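Only a predicted model underlies this, so the values are computations on that prediction, with no experimental measurement involved. Nothing fancy with the numbering, it's 1 onward along the sequence. Excluded from the calculations below are hydrogen atoms, water molecules and symmetry mates; all remaining heavy atoms, backbone and side chain alike, are included.
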Amino acid sequence: MSGVMLSGAGAMLLMAGPIGTELLQSFASGFTIERELLLDERHLVPALVQIGSQGFMSVLPLAIVLLAAVFLSAAAIGGWSFSLKAAAFKAERLSPLKGIKRIFSANGLNELLKAMAKFSLVGAIAVAWLWYSVDDLLLLGRQPIREAIPDALKLCGLSLLIGSLGLLVIAAVDVPFQLWQYQKKLRMTRQQVKDEFKETEGRPEVKSRIRALQQQIATRRMMEELPTADVVITNPTHFAVALKYDDARMGAPQVIAKGKDLLAKRIREVATEHGVPLFSAPPLARVLFRSTEIGDEVPARLYTAVAQVLAYIYQLNETLRPGQKRPEPPVPEIDEDDFPGPEYSG
């Protein structure tokens, strides 16, 4: 506000002469009329339009200066902010109750006290200046109009400049306070910081739920593929690892399912239901469980042990024919120290 008033005061002081001349010409043309046009009703509207346009053009430079001051002062304080939402109609703004709450709130009382302080300061300066300039004001009435109009504009500009000095004092105190208060409102509370961190990193309960759903989906897919396994190697109770080998598509046997404790029990049950052979080899089951993931191929160091098991299973399938002798199950030799990882009991 003070910037706009200072700009207007400066413009009026600098352009008092040209503006006064233009206004004087506009007034003169308004009181000058030819006798034959005096009673012509069609002349009234064009005459008013002409006088109005002259008056507008005379104050247009002052209006341009004030408009520029409005935009520049806003940009200097906090930048421009255009929002159609602020101008949108909202029915709650018409509510008297909400208006009363705003007026009698702590913030409303604070703004009222500041407004009264500003009015008192500017009013005191204005009264003092008018008292000091009373002789110049009375002199305007005794001057010719050609001199009175520019002098009146200069006096208005000077009065506006003096009044702006009070606003400068107010702005020097109020602007830093408003900026501090605005920055304070932008700060987040400790709870808001925690909530934002949770939203960014993911809430623990949501992440836990997602992991649980992912585990359920993975387990369901694993159980759907389990009937195609060639063998399930067990611990025999704590671990279960299902292997599948297709020499046309795989370079080595692949782990298609694995589980521990209750999941291992479920793997054995599904395998039994679908006729998938179970082979008890505790060291091999433990090593496969901790050194592979579902979809991985068997490590190269376990090729021999796994090949022995698969060969036995293939031979076992052949002995199901009448007259075939059942082969002896192999005992895969596994050094678990060669496969470091979490220790499991059982």
- Could you tell me whether L262 atom CG has more than 12 heavy atoms of other residues or ligands within 6.0 Å of it?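 For L262, atom CG is not crowded (no more than 12 foreign heavy atoms under 6.0 Å).
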Any link between [X] and [Y] through a network of hydrophobic side chains (Ile, Leu, Val, Met, Phe, Trp, Tyr) touching at under 4.5 Å?
{"X": "Y314", "Y": "L284", "answer": "yes"}
{"X": "I313", "Y": "V298", "answer": "yes"}
{"X": "V232", "Y": "V255", "answer": "no"}
{"X": "L263", "Y": "L278", "answer": "yes"}
{"X": "V241", "Y": "I256", "answer": "no"}

Considering only heavy atoms from C-beta outward, does the side chain of [X] approach that of [Y] to under 4.5 Å?
{"X": "V306", "Y": "L310", "result": "yes"}
{"X": "I294", "Y": "M222", "result": "yes"}
{"X": "D261", "Y": "H238", "result": "yes"}
{"X": "L288", "Y": "L243", "result": "yes"}

First locate atom [atom1] of [X], then atom [atom2] of [Y], and finally report the distance between them rounded to the nearest 0.5 Å.
{"X": "Q254", "Y": "E297", "atom1": "CD", "atom2": "CD", "answer": "6.5 Å"}
{"X": "R142", "Y": "L139", "atom1": "CZ", "atom2": "CG", "answer": "5.5 Å"}
{"X": "Q215", "Y": "R220", "atom1": "CD", "atom2": "CZ", "answer": "11.5 Å"}
{"X": "S280", "Y": "N235", "atom1": "OG", "atom2": "CG", "answer": "7.5 Å"}
{"X": "S291", "Y": "D296", "atom1": "OG", "atom2": "CG", "answer": "9.0 Å"}

Nearest atoms (heavy-atom pairs only) where [X] meets [Y]:
{"X": "L226", "Y": "I267", "answer": "CD2-O, 3.5 Å"}
{"X": "K244", "Y": "M250", "answer": "O-SD, 3.4 Å"}
{"X": "Q308", "Y": "P330", "answer": "O-CG, 3.7 Å"}
{"X": "V309", "Y": "F279", "answer": "CG2-CE2, 3.7 Å"}

- Message: Does K260 qualify as a cation-pi partner of F239, given the criterion of NZ or CZ under 6.0 Å from the six-membered ring centre and within 45 degrees of its axis?
- Response: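 Verdict for F239: no cation-pi partner in K260.
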Expected output: side-chain [X] to main-chain [Y] donor-acceptor under 3.5 Å:
{"X": "K258", "Y": "T292", "result": "yes"}
{"X": "R286", "Y": "A281", "result": "no"}
{"X": "D136", "Y": "S133", "result": "no"}

- Message: Between E224 and R221, does any side-chain N to carboxylate O distance fall below 4.0 Å?
- Response: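 Between R221 and E224 there is no salt bridge, as every charged N stays at least 4.0 Å from the carboxylate O atoms.
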- Message: Before you tell me yes or no, could you show the steps for V287 and L302 under side chain to side chain contact (heavy atoms under 4.5 Å, CB included), namely the whole-Å CA-CA distance, both residues' side-chain angles and the distance that decides it to 0.1 Å?
- Response: CA-CA 9 Å; V287 169; L302 295 178; 3.7 Å; yes
